[in-house]
Amino acid sequence: MKMRSLILMALVLLMATLPIPARAGQKNIVYATSADVTTWDPSASYSTELTYMVNIYETLIRVNPPGSKEPFSYILTTGMQASDDGLIYTFDLRKGVKFHDGTAFNAEAVKLSIERTKKIGKGAAFIWSDLEKIEIINPYKIRFIMSKPVPLPQIAASAYASYIISPSVIDKEPAWFDEGHECGTGPYMLKNYRAGESWMLTRFKDYWGGWEKDQIDNILVKISNDSLVKLKMLLSGQAAIVNAVPSDSYKAVRDGKKTKVVYGPSYVNYIVFFNTARPPLDNVKVRRALAYAFPYKDIIKVAFDGKATHSRGIVPKGQFGHDERVFQYTFDPQKAKALLKEAGYGGKPLKLVMTYVAGNQAETRMAPLMKDQLKKIGVELELKPLSWPAQWELGKRAEKDGQDLFLLMWWPTYSDPYETLVSLLGTEKKTLWNFAYYSNPEYDRLIRKAYETVGTDRQAALEMYIKAQNIIQKDAPAVAIADAKTAIPALRRLEGIVVNPAYPGGLFFYQMRLR
Amino acid sequence: MLPFLIRRLAGLVFLLLILTMLVFGLSRALPGDVAAMYVGLKAKPEQIQKARLELGLDKPVHVQYLRYMGRLLKGDLGISLRTHRPVARDLKEKLPLSLEIVLLALLISIALGLPMGVVAAFKRDTWIDSAVNMIGSAAVSLPIFFLALLLQLVFFNWLGWFPLQGRISTMMEFRDPLPAVTRFGLIDALLAGDLEYMADMAWHMFLPVVSLASIPLGLVARLSRSSLLEVMQADYIMAARASGVGETVLFFRYGLRNALSPVLSIMGLSMALMLLNTFYVEQIFNYPGIGYWALASIFSLDYPVLVAITLVLGAIYVLSNTIIDVLRRWVDPRIK
Amino acid sequence: MTMKDELKYKHLAEQAAREHRRERKIRTIAFLKRKSAAAALLVLVLITLAAVFAPLVAPYPDQGKGAVNLGERLQPLSGKHLLGTDTFGRDILSRLVYGARVSIFGGLFIVCAAALIGVPLGLWAGYSEGAPGVVISRIGEILISFPAVLIAIAITTVIGAGLTSAVIALIIPWWPWYARIIQGEVLRLKRMLFVEAAQMLGYGKSYILFRHLLPNIMRTVMVMMLLDFGPAIISIGLLGFLGLGTQPPNADWGLMVWEGAPNLMQQPWIAISPGAAMFILVMAFNIFGDNLQDYLDG
Amino acid sequence: MSVKQKEKPILEVKDLVAEFTTAAGRLRILDGIDFSLFPAEILALVGETGCGKSVTAKSIMNLLAEQVCKRRGKVMMDGVNLLDLSKKQMRSYLGRRISMIFQNPIASINPVFTLGEQIRRLVRIHMAGEITRVKSELGCTTAAAIDRLAAANLEKVGLTDVDQLMRAYAHQISGGMAQRYRIATAVLGNPDVLIADEATSALDVTVQAHILRLLKRLSAEKNTAIIFITHDLGIAAQLCQQVAVMYSGRIVEVAPTAELFKNPLHPYTRGLLKAVPQLSRKTGLEHIPGTIPDLRNPPSGCRFHPRCRQAMERCRRLRPPLVETKSHQVCCHLYDAGNKEAAWAKS
């Protein structure tokens, strides 16, 4: 081994002689993350690439973080009027906006983009299903005509499927985009794309918003699935911002002299589905018993480093539809035991299987805690961590032979509870997301009605949503465990990190400043 | 020699054929709706159906297989379900990165292991000998993932001599990438005359290479020692000695060359082993080669990628063994 | 042969036998005199005992089996927890002891199974040259060139992750090595013995073959199995590390390293103790195996 | 020719003892070997396998690792005791003054180098003088000179088609050729003593004959003394002037060939002769009852006594001295003073 250390020394000396210069004057940061890209096609994009999409492309309007005065802020528009029946929306488009290739932004671009998305029909294109047609009134005035009074603003501001693409590339195949090409109006442009490895977001000089000092020139994105590596990168200052560090390390980062953790609301929540299609979980009492047996507080402490809220219904905290009037299950072993006894499972221990995603830090941490507590009420929970596709596949064909409990991490596509409520527990002919295999016509009717009311009478809609959620809490086909908070570890020098739960994982680098 | 090579090549083709059948069959037999994965999270049924047609998954398996082989011959390995990029293109980018560190590791393990073994044998039953023995055993006993983590802990956290992760410093990545000529980073950097870049890459490769080299190094050191000791007992050595040939010549020329062939034959195995170990090393050092890629694809059941990787690994395994057999014939004329 | 001759041969045979026994006794003593061998053996025995009597040895058996203990999360090394506790407050030492079961018995199973499958096939392939030989070695080649991780994935997606699937996944590419070696051995011995047989007339070839073959083979296999133990244990660890082996909350050294890795900076002991344990065990096996090999080669 | 030569011996072995330290304990393989070898003499060293013939040769050549084999006694070559020499010093003797060939010729040629490569190296080591001579004579390069000499040496031992042979490898040539080649390499330094250890046992009869003739010629031409180790009395008879019979680490009888066959004195020699011609390891035991003694605890006194039909009480106690009869040297109590008559009576 002497030899090795010699070589090592030699190399170190070599390094010393070769200083690695930083680009003077430029504000460059590294973002280390596991958020990889599944497609660069803004019409089809429906996954983690959102982080970058919101910097490259823009939507007509953007949902503001909870607690803002205004629900929306205008991006590619300057104004919006809705008809009373909530079927027609008119937008005034922003003038003087350029796409990255210099093409001018105008009504045609909007029409073509939305229609392209609808035509391709990938990703979240379904959000446009109630759009009848788009009319260009003049180059800077455009009108959306809907078949039903659905909440168009939320849709137009959706994190997916509502980006405006330059007419110059509107006919390109998805493959062309996936090579790493783009043409949006956003403040940053994509450069040096190495799939699954790294790429760069670099400043778009003629961004309509203009540039001030301390804004970031280049963001180097480095894909890293290893939270330990990301922690080390952050602590050593190699990375200015990362998407996660090991659960037990947040405190250290939070209290670090150079590092901080920016917390913000998030619509991500963790939900356990009970297999209502077969015993013993076809018995509502057993389902409730389990709901009472989960150690919510411990889970939040161990799996979320204390930074999450005990769920109240499957609509996450902060999202429209979440309400204190929704019933909340709490940790109560006695009640759980009692319910089990009522259900006739007093004596012999129950054997149940729970699947979850092996790679998900939070889930791998909450699972053992659940197992431990269920044991105390006489339920033997077998843990079955799987890769996501395997878990999903099992769930889809699982009514009879698959899991009993399905632990799911979920986030809504756009900021209205309908999607969550219908996808997760609405009646499905062929299972896709409803891993409780639950079907309740009354519930289905209720949420649909709410969805169609929200555009005109928000309050009435809210009441309906609450009613619907309480139906769920009563039948307990699924119980939400925790509503996560977004936690973004970063260097203290990096300011202006804003968390917007409507854009899960989205980082608006344009708003950041590097001091 | 030529017929031998032809035979081996035929063997390779045969092997790959079987492998494709196996892996392809598996990828279709195993659970995991390929179409759904292709569409991605939150896919809607109609989208999945669309994708199924798009990918020709509605056809019977053997038809799919034939299509696949047809495309394979054209060098098309399909589309990644996860990144929706052509697998062949990613393979072209990532394989060289891994080969680079694997070959370096192989080089190191020979360059250090052989001398270690030889010296140990020459200084038989001295402290040197037992030291080499110990080091050898230790090297083959270290679980690769544990070694990698330890190296990180020591050389990054404590000593700070070597970088933590990646293949080049982030500072470097803000520059424009090198022209990809050979796609072997070091060579490309050299061709581009960018020594700084090259040094930086070497610096980043060091820890991964060391982790990979550990096991082969141990194997080589131990094997070269034992086989050399055995050879030195042989009649022809004694005969040469009896006719007055000096010890050093006996040992380092007559002995060593005879001892070489078993050492060589361990190399093929080491190659295969190291390629598998890249799965771990690249994960831990965040080094974007096929190992890293493979692992990511494994956990998302990205079948097209997995098939491709299996084929490549199989091919490399056979080829490296062939090369080694050629070398062995060269050092030992007896092998027929 | 005359009566007298027979008696004499009998006498000679006995003498030879006595010689042999004596030889072996002396060599065994010499073998155990080696410090390294003795030390290795000691380590192996201790770890094996710990594994077998885990419930008695482990300070907190239930935690070894996975019961969480949130009161004492991430404790450093202390009198109460000799090797500290992990993120669920579980006593690392207890988990090591239970993890040893996986490593030792898993390894044992793999090696034995590989030998049980590989040796007969190898014998067959070597004895009846031609078709069987070719087929077996071809199959072997394919399986060997097939990454175990992928096999593991395949099995896991079907029967779910777990020690069983990991072990199966490892046996599949493992047995061909035995088949290969044995086949070669048989061929070599055949050549050798037929030459001899040609010299000493009278003996039937197959008789010679088998009288000499089996003992030789058995020795080779024995050494091979012993030397394979280390790699087998490491391989299990590798799969465990990827989450393709033992499933939480059960203990497995590879899995423990994976669980501990994220805390490597604040609580290094969580990942280092299982890694070190694995290293020590494998090292012990290798040293013992080497010595035994020298010993058998005389 | 008689044992008492006028000229002084070229090699003189006195009370050579070799002890092996093995896992099984210390073994006294050689228990005091005495013999002398005269220029151009061919001495046969005969005995059953395991009696220590080869060990004798190898201890003379110092080919055995020190840590394994401890040697005592004298191996005198013109006034120097070879046992006192270090391996380094010994090398100046090996191949030049004393050389050796082995039982299995093919195994004793390095398989991975061409014959040419190996003999050239020996030429370079041993024939520096000739090389310069040849160079000056033919005005050719060193390499060419070496080739020439190598070829010449091979032709001397009756090998034909030399160029091709030099390009060949050990596994490509026959046993006979291999042994000729080995002889060529062994004698190219013109050693005074050549030890041939079972040099012909592995070869078939016709080839054997050739090799024997070759050795005879050599010793005649270059007046090399040869120690010819064999278990085959027949060959010994054909080739050698002098025969030494070994038993369990001792030389029990030395005599001129004819004399020995006519009138063997030692009971063991007699036993051996009875076994001729089909004497060989397996059948040898049948004619002399019992087996080779266990060297871990050799029989007291005369090591042969357990198998000796004429064993007397003193044989168990005393180690017999080397007795000089008029033509023999014999190591047996039958022949020391007082017992001669008895012996003659018996024979």
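What you see is a predicted model; the values in this text were computed from it and never measured.
- Interface remark: B/Ala36 contributes backbone and side-chain atoms alike to the contact with chain A (heavy atom separation under 4.5 Å).
- Note that CE of A/Met233 and CG of B/Asn286 are 7.0 Å apart. Values are rounded to the nearest 0.5 Å.
- Contact annotation for B/Leu159: neither backbone nor side-chain heavy atoms come within less than 4.5 Å of a heavy atom of chain A.
- Of the N and O atoms on the side chains of A/Lys232 and B/Gln165, not one donor lies less than 3.5 Å from an acceptor on the other residue.
- The part of A/Ser47 that comes within reach of chain B is its side chain, from C-beta onward, which places non-hydrogen atoms under 4.5 angstrom from that chain.
- Here the closest non-hydrogen pair linking A/Pro389 and B/Ser300 is CG-O, 3.5 Å.
- Counting all heavy atoms, side chain and backbone alike, B/Gln47 lies closest to A/Lys122 at NE2-C, 3.4 Å.
- Of the residues considered (A/Lys430, A/Gln391, A/Arg194, A/Glu428), A/Arg194 shows the highest number of contacts with chain B, using heavy-atom pairs under 4.5 Å.
- Side-chain contact between A/Met200 and B/Glu173 is absent, with no heavy atoms from C-beta onward closer than 4.5 Å.
- Considering only heavy-atom pairs separated by less than 4.5 Å from chain B, the leading option among A/Val357, A/Leu220, A/Asp226 is A/Leu220.
- To the nearest 0.5 Å, atom CG of residue B/Leu164 and atom NZ of residue A/Lys230 are 12.5 Å apart.
- Contact of the A/Leu432 side chain with the B/Ile48 side chain is registered, since non-hydrogen atoms from C-beta on lie closer than 4.5 Å.
- With a threshold of 4.5 angstrom between heavy atoms, A/Trp388 approaches chain B through its backbone and through its side chain.
- Remark: A/Glu179 does not engage B/Arg85 in a salt bridge, criterion side-chain N to carboxylate O under 4.0 Å.
- Taken from CG in A/Asn192 to CZ in B/Phe174, the straight-line distance is 10.5 Å, to the nearest 0.5 Å.
- Summarising the local packing, NZ of A/Lys191 is surrounded by more than 12 heavy atoms from other residues, nucleotides or ligands at distances under 6.0 Å.
- Neither the backbone nor the side chain of A/Thr202 has a heavy atom closer than 4.5 Å to any heavy atom of chain B.
- Contact count versus chain B (heavy atoms, under 4.5 Å) is highest, among A/Asn225, A/Asn218, A/Thr39, for A/Asn225.
- Contact annotation: the side chain of B/His84 never approaches that of A/Pro174 to less than 4.5 Å [non-hydrogen atoms, C-beta and beyond].
- Heavy-atom distances place the backbone of A/Val37, and not its side chain, under 4.5 Å from chain B.
- Contacts of A/Trp392 with chain B are made by side-chain atoms alone, with heavy-atom separations under 4.5 Å and no backbone atom involved.
- With values rounded to the nearest 0.5 angstrom, B/Tyr292 atom OH is found 7.0 Å from A/Ile223 atom CD1.
- With a 4.5 Å cut-off on non-hydrogen atoms, A/Trp199 does not touch chain B at all.
- Contact annotation for A/Lys429: neither backbone nor side-chain heavy atoms come within less than 4.5 Å of a heavy atom of chain B.
- For the atom pair CG of A/Leu228 and CD1 of B/Ile284, the computed distance is 9.5 Å after rounding to the nearest 0.5 Å.
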> Can you check side-chain contact (heavy atoms from CB on, under 4.5 Å) on B/Arg82 and A/Asp36, steps first, answer last?
Replying inline: CA-CA 9 Å; B/Arg82 195 165 51 94; A/Asp36 203 344; 3.4 Å; yes
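- Between A/Ile120 and B/Lys50, the shortest heavy-atom distance links the atoms O-NZ, 2.7 Å.
- For chain A, no part of B/Phe285 is nearby; none of its heavy atoms comes within less than 4.5 Å.
- Taking chain B as the reference chain and counting heavy-atom pairs below 4.5 Å, the highest number among A/Ser198, A/Ser236, A/Ala195 is found for A/Ala195.
- Around the CH2 atom of A/Trp411, the shell of radius 6.0 Å holds no more than 12 heavy atoms that belong to other residues, nucleotides or ligands.
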